[in-house]
Amino acid sequence: MCVARVQLAPAPSTLHPVRDVVVVGGGLAGARAVQELRGQGYDGRLTLLAAEPHLPYDRPPLSKGRLQDDEEKIALDVPWDDLDVDLRLGCRATRLRATRLETSDGDVPYDGLVLATGAQPNRLPGSGFTLRGVDDARELGHRLVDGARVVVVGAGWVGAEVATVAAQAGCDVTVLEAGEAPLAALPREVGGYAVPWYAEAGIDLRLRAKAVEVEHDRVRLEDGETLTADVVLVAVGAAPDTDWLAGSGIALDHGVLVDEHLSTDLPGVVAAGDCVARWSPRYATRLRVEHWDDALHGPAVAAATLLGKEAVYDPVPYFWSDQLGHTLQWAGFARGADAVIRRGKPGSPDGWAFCWLAGPRLVAMLTVDRPRDLVQGRRRIDQGAQPDPARLADLAVPVKSA
Ligand SMILES: Cc1cc2nc3c(=O)[nH]c(=O)nc-3n(C[C@H](O)[C@H](O)[C@H](O)COP(=O)(O)OP(=O)(O)OC[C@H]3O[C@@H](n4cnc5c(N)ncnc54)[C@H](O)[C@@H]3O)c2cc1C
């Protein structure tokens, strides 16, 4: 499977001129960047600026039943003591200058920079909870108690996952979705199949219900109706955390613009993870993937690029979600697909999948409770495979031999 192609050239330490690297952002991408820089031979000064007061941790568990966990339990497994890194927790970069960063703790000089500031949840006018970090999760988790009335705005990934947790905790859960179906980020043929999952989980899903304002315990809908709740979670997507870069001269467009080497348009500045909009030669377009797999693997390429090595990041996109008793996994990019094949029967206990074809080529796949199909499908998408549609539709035929 193509995840990242890093061609390591000779003796890294003689190749790279950077001696004072700063990584901005203490999430998965930032932590991985630190590890990769050291792992790839960088032995100069290394500083990690992390706005949150916590050691870098994993976010996916926060919406999947672990809302009240201590951060130690979800902390990333990073040998900080061995990495010789100046770890500045609770320090936020506020402005990017040519050779220094302005931060909440004063100026920090650099000659090489990794931007890994992630994303921030979108909000609605008014208030309401959002979920991004461990502090949000803890506060929200304490309120999801038996009998609490919970309104979740948005039937996307985080909304569906938190609704699942809330229903399991005995809450009375309503999910408001502005669109015709849940999972609006996926091709439209998919969402309708997720509708029955809500009723099965005891959740009231209201479609074409657009929330326009939240006031503590009240949600106002576009049609004027008002719902009252004990807890309101606004889960309507996220946007790259790049406001602090405005006016610095770096190219931005719904994220930090990077090429396939994860280089920005500024010399000595690379970026990775949720904050980037990266050029994909594979798809001849710019992608904002905003999922865990990109934050895990992209930093290897960002670090290599900063160290003067030839490296390209252009994998088949991948993400997953655990919601309403199902594991959904996605691989590929469906834009330009002209046929969709249903593999198995939705609702079947054996799981099912959708496969998108562009001409004869498999370009994307969504699996429901079929992780093996996804692994094989992602590999086949990467290879540009041209499966036999009838065999692909047959659950008895492994995806790798369809
Ligand atoms: C609740 C939740 C559940 C998720 N579940 C899944 C899932 O099931 N599957 C999946 O594929 N993906 C999932 N994701 C997405 C995945 O977690 C993200 O793609 C990943 O965390 C991105 O990592 P990152 O390091 O780029 O950004 P982040 O994790 O957002 O980390 C960025 C860090 O940078 C800090 N920062 C921002 N600005 C500054 C600044 N100016 N100075 C210093 N520090 C700064 C932020 O405070 C933050 O700590 C989920 C996300 C959330 C929030």
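Since the model is a prediction, treat every value here as computed from it, not as a measurement. Just follow the structure's listing: the first ligand is 1, and inside any ligand the first atom is 1.
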Just go through [options] and tell me whose heavy atom is the nearest to [atom].
atom                    : options                : answer
atom 29 (O) of ligand 1 : R59, R132, Q120        : R59
atom 27 (O) of ligand 1 : S63, G118, P121        : G118
atom 7 (C) of ligand 1  : W330, W292, W320, W244 : W320

For ligand 1, which part of [X] has a heavy atom less than 4.0 Å away: the side chain, the backbone, both, or neither?
X    : result
D274 : both
A238 : neither
T117 : both
A295 : side chain
K64  : side chain
C275 : neither
A31  : neither

With a cut-off of 4.0 Å, which atoms of ligand 1 are near a heavy atom of [X]?
X    : value
L28  : 25 (O)
V24  : 40 (C), 42 (N), 43 (C)
G273 : 26 (O)
E52  : 47 (O), 48 (C), 49 (O)
E290 : 19 (O)
L49  : 43 (C), 44 (N)
G25  : 34 (O), 35 (C), 44 (N)
R92  : 38 (N), 39 (C), 40 (C), 41 (N), 42 (N), 43 (C)

Q | L207 vs Y198, side chain to side chain contact (heavy atoms under 4.5 Å, CB included): CA-CA, chis, key distance, verdict | A | CA-CA 11 Å; L207 299 172; Y198 284 80; over 6 Å; no
Q.
Tell me the protein heavy atom at minimum distance from atom 45 (C) of ligand 1, and give that distance in Å.
A. A51 CB, 3.6 Å
For [X] against [Y], the heavy-atom pair lying closest together:
X    : Y    : answer
A167 : I203 : CB-CG1, 3.9 Å
A211 : V153 : CB-CG1, 3.7 Å
L176 : A209 : CB-O, 3.8 Å

Q.
Let's go through L144 and V162 carefully: what are the C-alpha distance in whole Å and the side-chain angles of both, what is the deciding distance for side chain to side chain contact (heavy atoms under 4.5 Å, CB included) to 0.1 Å, and is it a yes or a no?
A. CA-CA 10 Å; L144 300 184; V162 174; 4.3 Å; yes
Check whether any side-chain N or O of [X] sits under 3.5 Å from a backbone N or O of [Y] as a donor-acceptor pair, and report yes or no.
X    : Y    : result
R391 : S401 : yes
D314 : S280 : no
Y313 : L262 : no

Q) So how far is it from K345 NZ to W352 CH2, rounded to the nearest 0.5 Å? A) 11.5 Å
Q) In a check of side chain to side chain contact (heavy atoms under 4.5 Å, CB included) between V23 and each of L48, L115, T47, which one passes? A) L48
Q. Between D217 and T228, is any side-chain donor less than 3.5 angstrom from a side-chain acceptor?
A. no
Q) G133 near ligand 1, heavy-atom distance under 4.0 Å? A) no
Q | Heavy atom of D293, distance to ligand 1 below 4.0 Å | A | no
Q | Y318 and its side chain to side chain donor-acceptor pair (under 3.5 Å) partner, picked from H297, H291, Q329 | A | Q329
**Q.** Exceeds 12 heavy-atom contacts within 6.0 angstrom, atom CZ of R45
**A.** no
